[in-house]
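Please read the structure below before turning to the comments.
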There are 2 protein chains.
Amino acid sequence: MGKREENKQKTRQAIIDAAIKLFSEKGFDKTRVSDLAEEARIGKGTIYGYFKTKSEILLAFCEDEIEYVFNEVRIKAKQESSLLERLQTLFMAQFRYVTKNNEFGRILAREMTFPEAANKESCKGLEERYLAEISEILITAISQKELRDDVELIFIVGHFYALYLIVLSAWYDGRFQTEQEIQEALHKLLTQAMEGLSPQ
Amino acid sequence: MGKREENKQKTRQAIIDAAIKLFSEKGFDKTRVSDLAEEARIGKGTIYGYFKTKSEILLAFCEDEIEYVFNEVRIKAKQESSLLERLQTLFMAQFRYVTKNNEFGRILAREMTFPEAANKESCKGLEERYLAEISEILITAISQKELRDDVELIFIVGHFYALYLIVLSAWYDGRFQTEQEIQEALHKLLTQAMEGLSPQ
DNA sequence: CATAAAAGTTGACTACGGTCAATTTTTAAT
DNA sequence: ATTAAAAATTGACCGTAGTCAACTTTTATG
């Protein structure tokens with residue numbers, strides 16, 4: 001009775017494994033959906049029983065990988081570091097991951113911020129995961145009086161996430177060239193957000 | 001001698017006119033490039049002598065329209081209104097324009113924040129135009145002591161633009177349903193940015 | 001075990017964005 | 001006016017994402 005369920009899991013994973021291999025090897029655009037099918041030893045049509053679009057496969061694959069990034073960050077983020085440092089660490093880790101392979105980082109970012117109708121659901125899941133990770137940091141910060149506690153949490157989370165996205169966007173626009181520049185820009189923006197933009 | 005140049009302008013405009021008509025009538029996805037060609041009374045191949053991709057046509061068409069939005073805003077933005085009000089007016093006007101036709105607003109936003117390689121150039125132009133419009137407001141604000149003058153302007157511009165984008169993204173994710181909600185969210189975020197997120 | 005319904009698989013097919021070699025039009029030179 | 005080079009136009013063609021009707025496998029029922 002678990003036979004069907006079991007096979008579905010296996011097939012799904014086989015597709016993701018094929019994606020990890022081929023997307024990394026040849027990049028997203030250069031990998032045909034039929035290539036993925038061949039690598040996963042299934043028919044091309046079958047893939048569409050598991051994923052609505054090609055980019056949804058990328059999303060699924062990132063959903064797996066992102067957990068590694070978050071874990072890595074949790075280890076680095078010692079209890080004693082300040083809110084700003086912790087945010088900086090998280091965002092830089094995301095940035096490094098996402099730009100390791102320039103091409104599919106951009107596609108991921110695109111889908112996550114302004115998803116196609118078909119990908120909306122998986123994107124929302126992934127975004128929720130991102131926001132949750134930021135939330136965790138902010139909740140600690142609030143309890144340690146490093147942050148205002150008179151605004152809805154979600155708006156603070158969104159605020160910081162927005163700053164990360166704009167820096168990422170600027171990177172893809174070619175406004176920043178080096179990791180160093182990204183780091184500085186992020187730092188300036190986060191500091192601004194903390195201090196406020198009103199005079200004095 | 002101006003014959004060639006003149007024709008090029010005419011053809012370019014014919015394509016944009018076709019785009020205005022068909023994108024509005026049938027939407028971006030449902031409009032084939034060959035439809036645009038037919039409407040503009042030219043061959044499909046010709047279009048690619050003027051625009052690198054289908055979405056670049058959308059971008060060009062928005063570049064025209066956006067000026068109307070900015071003008072509209074300038075009229076509303078009386079001299080006496082505060083920085084926050086002026087930003088709110090600008091962003092809400094952009095929001096209304098961009099979501100008037102839900103579909104191509106999303107595509108525009110996608111391309112502008114994380115453009116495909118082929119569209120990078122036109123996107124940058126359009127984004128520059130957006131940022132310039134925000135800059136103008138901020139420069140006035142700085143001279144009226146409504147804003148800190150000890151941070152690079154571009155980072156303040158980017159900060160506010162980021163907040164606009166995150167709200168737009170949240171709208172497309174379905175996190176906000178009404179214009180009212182957008183307005184409130186935007187207001188909260190802009191206020192946060194002014195006041196800062198540090199305790200008191 | 002037989003069997004019928006449900007679920008899953010498949011590759012030929014469709015649709016469309018983008019390319020390009022062949023053709024036409026414009027310009028510049030004599 | 002002639003003509004050759006340059007620029008612009010074109011639609012047949014290509015590649016690939018996504019669909020779907022036919023087919024296979026699994027499950028549930030008696």
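Numbered from 1 within each chain, the chains take letters A, B, ... in sequence-line order. Since we're looking at a predicted model, the values are computed, not measured.
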Report the distance from atom [atom1] of [X] to atom [atom2] of [N], rounded to the nearest whole Å.
X: A:E56; N: D:dA17; atom1: CD; atom2: C1'; value: 14 Å
X: B:N119; N: C:dG17; atom1: CG; atom2: P; value: 14 Å
X: B:R32; N: D:dG11; atom1: CZ; atom2: P; value: 16 Å
X: A:N7; N: C:dG8; atom1: CG; atom2: C1'; value: 10 Å
X: A:K52; N: D:dT19; atom1: NZ; atom2: C1'; value: 15 Å
X: B:I47; N: D:dT9; atom1: CD1; atom2: P; value: 11 Å

Contact class for [X] (heavy atom, under 4.0 Å): base, sugar-phosphate, or nothing?
X: B:T53; result: sugar-phosphate
X: A:T31; result: sugar-phosphate
X: B:Y50; result: sugar-phosphate
X: B:G45; result: base

When you check the phosphate oxygens OP1 and OP2 of [N], does a side-chain N or O of [X] lie under 4.0 Å from one of them?
X: B:K44; N: D:dG11; result: no
X: A:K8; N: C:dG8; result: yes
X: B:T46; N: D:dA8; result: no
X: A:Y48; N: C:dT9; result: no

### Message
For B:R175 and A:E128: C-alpha separation, side-chain torsions, deciding distance, then whether salt bridge (charged side-chain N to carboxylate O under 4.0 Å, His left out) applies.
### Response
CA-CA 12 Å; B:R175 285 189 158 78; A:E128 225 63 80; 3.0 Å; yes

#### Entry: Approximate separation, where rounding is to 0.5 Å, of B:M112 CE and B:N119 CG
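These two atoms lie 12.0 Å from each other.
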
### Task
Looking only at non-hydrogen atoms, find the nearest pair between A:Q88 and A:Q183 and report the distance.
NE2-O, 2.9 Å

Under 3.5 Å, side-chain donor or acceptor atoms of residues 14-30 of chain B against the rest of the protein: list the pairs with distances, not counting sequence neighbours.
from, atom 1, to, atom 2, distance (Å)
B:D17, OD1, B:Q13, NE2, 3.1
B:S24, OG, B:I20, O, 2.6
B:K26, NZ, B:D35, OD2, 2.9

### Message
Would you call the rings of B:Y130 and B:Y161 parallel, tilted or perpendicular, taking 30° and 60° as the class edges?
### Response
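Aromatic pair B:Y130/B:Y161 classed tilted.
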
